[in-house]
Amino acid sequence: MKERLSTTVQQLKPSGIRRFFDLAASMDNVISLGVGEPDFVTSWAVREASILSLERGYTSYTANAGLLELRFEIMKYMKRNFNVSYDYKDDIIVTVGGSQALDITMRALINPEDEIIVVEPNFVSYSPLISLAGGVPVAIETTAETEFKLQPRQIEEVITSNTKALLLCSPNNPTGSSLSKEELQAIADIVIKHDLLVITDEIYAELTYDEEFTSIASLEGMKERTIIISGFSKGFAMTGWRLGYICAPTEIAKAMLKIHQYTMMCAPTMAQYGAIEALQNGQHDVEEMRKSYRRRRNYMVKSLNQIGLECHSPGGAFYVFPSIKKTGLSSEEFAEQLLLEERVAVVPGNVFGKGGEGHIRCSYASSMESLEESIKRISRFVENKL
Ligand code: PLP
């Protein structure tokens, strides 16, 4: 049977994160720093708006690109918060999470053998989605020495005649690294020089702690070559709603819409009604969550460094990515032994690609109490290994 499957799919490795979740799920008394999702429930106002839409009987499909009212709110939100202007009728598509937004972006852009530059360590879906669309992911490795920030010269080192786009993610999963406006400008200069497109995954845009978020699309000469991937999962604590969006130059958005209409029709209607409320009135809730993550980030960075697991202070998202090199264990060994011996679930850094080995990803979207207990356990574990 195997030979009947697509060779591309046969070559895809299952996500390395799942194995640990499955193991952790079969054990008691586990503290999980593994999952990449908010520990908040979606705000009541958003849930209520969605319930109200059901009570009113709004249960049919929406326009393929999403409710016009929601796209209008997305347009205002992008302008207000990130200073980029889009036409809500032609440039914005509401998708089934950032995940589907990424998928249709790749499929709309890639011809066979086109190369997309990815910056590793990165979100586990990027390279598989590029391969599934027939493209070739070309990885740039970032390291702890530069706080896992892409150095602009690294882009020029991997550009070939097949390079089509650079895929960026800031704030980043798994490292939490967040690029400043100046750092993005230096990247934009190279992108413009080589006439590349940029796909920017801004799913963590609301969650920055030291500097205001900058979208690379807002820099001069960039909007026309940039596709923004974003959504409600992280900043608005709406992972289960499966709602994201794309903002792109009109021609590209039109191409994406063709794929979207044939494969998805539209994003879930009741979720779209909730999202309108989130954008109209949710800013206060987002701000409260952001402050809470910031406190927890500070605690985790301080505590991990105190127990000898070196860790830079990430500017955003809800992950820390400490080095575990001094224990002499590989990332997989560390994560597996920590789970079995101390019942703390983390994700080994190697699953996120180059530069991830020697690190673990800890999500701090967990209660302070759990974080404190996890630090006690990790501390004991590390002492035993030294
Ligand atoms: N992009 C990044 C960097 C992520 O970390 C995630 C989820 O973990 C996604 C995209 C997809 O999010 P969703 O499909 O829930 O919008």
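Source: prediction; values computed, not measured. Worth knowing before you read on, the calculation uses all heavy atoms, side chains too, and leaves out hydrogens, waters and symmetry mates. When a ligand or atom number is given, it counts from 1 through the structure's own listing order.
- A donor-acceptor pair shorter than 3.5 Å cannot be found between the side chains of Ser218 and Ser215.
- Sorted by chain then number, the residues whose non-hydrogen atoms approach ligand 1 to under 4.0 Å are Gly97, Gly98, Ser99, Phe123, Tyr126, Cys169, Asn173, Asp201, Ile203, Tyr204, Ser233, Lys234, Arg242.
- For the 3.5 Å distance criterion, the side chains of Glu310 and Asn305 fail to qualify, holding no donor opposite an acceptor.
- Side-chain atoms of Ser177 and Glu147 include no donor-acceptor pair closer than 3.5 Å.
- Of the inter-residue distances, the one linking Ile228 atom CD1 with Asp201 atom CG reads 11.0 Å to the nearest 0.5 angstrom.
- For the 3.5 Å distance criterion, the side chains of Asn298 and Lys302 fail to qualify, holding no donor opposite an acceptor.
- A donor atom on one side chain and an acceptor atom on the other are found under 3.5 Å apart for Glu37 and Thr239.
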